[in-house]
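Before any comments, here is the structure.
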Amino acid sequence: MSFLENTRSPAGLGGKLMVRMMNVGHRALARWGLRFLLLSADAKVLDCGCGGGANIRTLLKKCPQGIVKGVDISDVSVTTARRVNRSAIADGRCAVWQGSVDELIFAADWFDAVTAFETVYFWPGLVPCFREVYRVLKPDGTFLICNECGDPEKYRKWTEIIDGMTVYRDTELQAALEQAGFHHVQSHSNKMGWLCVTAQK
């Protein structure tokens, strides 16, 4: 497996290095994307494809009386995310589980918000996964997707190098979200081509 394959599912020594790089490299993107998500101090949030757990840590700060959970398919990511957020886990405010977004273990109508940073590129079918996100969200809950890559042509070289990676346009994400039951879909972008999409249950 090439080092870049660790963007999809970090594994081994390369995966450990990749999640550390992600925790730093995705910081600006996450900060920008979270501007479009309003959270109460006691919100319950799920971060899907949580990687090394940096965004969980940020969400915990935004919801000081809330609960933030994470799920990731990679055991390396889960181990790192648990270490990064060990204090919140010990306090009962955080939990990180290994699993796939198309089969979430969480109860229906539980989360106020679900986030997905730099991860839907690798999800096993957008609509089934979005339906799972829809299921675990409370009515009126918000789903936030934040991607650095929003133009398939611009990032074609990455999809050719990284097996299983698909870059989606905002219109493709909107269509899949609406098919899964979401409404009030809004798209935001910036001069760097970053893409943030929010949708309501």
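Numbering of residues begins at 1 and proceeds along the displayed sequence. From a predicted model like this one, the values you see are computed outputs, not experimental measurements.
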Side-chain touch [X]/[Y], heavy atoms, less than 4.5 angstrom:
X	Y	answer
Phe182	Val133	yes
Gln186	Val197	no
Cys50	Ser77	no
Ile56	Cys94	yes
Val71	Val101	no
Glu148	Tyr121	yes

What are the two closest non-hydrogen atoms of [X] and [Y], and how far apart are they?
X	Y	answer
Tyr168	Leu195	O-CD2, 4.0 Å
His188	Thr198	NE2-OG1, 4.4 Å
Leu29	Glu118	CD2-CG, 3.4 Å
Ala30	Asn55	CB-OD1, 3.1 Å
Leu37	Ala113	CD1-CB, 4.1 Å
Ala43	Cys63	CB-SG, 3.9 Å

* Listed partners of Lys44 passing salt bridge (charged side-chain N to carboxylate O under 4.0 Å, His left out), at least two apart ->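 By the salt bridge (charged side-chain N to carboxylate O under 4.0 Å, His left out) rule, Lys44 matches no residue at all.
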
* Asked: For Asp112, which residues count as a salt bridge (charged side-chain N to carboxylate O under 4.0 Å, His left out) partner, sequence neighbours excluded?
  -> Lys138

Got a second to check how far [X]'s [atom1] is from [Y]'s [atom2], nearest 0.5 Å?
X	Y	atom1	atom2	result
Leu137	Phe130	CG	CZ	12.0 Å
Gln98	Thr79	CD	OG1	8.0 Å
Cys48	Asp102	SG	CG	10.5 Å
Ser187	Phe36	OG	CZ	10.5 Å
Leu126	Ile145	CG	CD1	7.5 Å
Leu34	Cys146	CG	SG	7.5 Å

Tabulate below the donor-acceptor pairs under 3.5 Å that side-chain atoms of residues 173-181 make, not counting sequence neighbours, or state none.
unit_1	atom_1	unit_2	atom_2	d
Gln174	NE2	Glu178	OE2	3.1

* Please walk me through it: do Leu144 and Phe117 pass side chain to side chain contact (heavy atoms under 4.5 Å, CB included)? -> CA-CA 8 Å; Leu144 178 143; Phe117 297 93; 4.0 Å; yes

* So, does Glu172 use its side chain to make a donor-acceptor pair with the main chain of Arg169 at under 3.5 Å? -> yes

* Side-chain (Arg93) to main-chain (Ser87) donor-acceptor, under 3.5 angstrom -> no

* To do: Give a yes or no on whether Asp91 atom CG has more than 12 heavy-atom contacts from other residues, nucleotides or ligands under 6.0 Å away.
  => yes

* **Trp32 atom CH2, over 12 foreign heavy atoms within 6.0 Å** =>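 Check passes, neighbour count above 12.
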
* Using the ring of each side chain (for Trp, its six-membered ring), is Trp123 parallel, tilted or perpendicular to Phe143, with breaks at 30° and 60°? ->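 Geometry flag for Phe143 against Trp123: parallel rings.
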
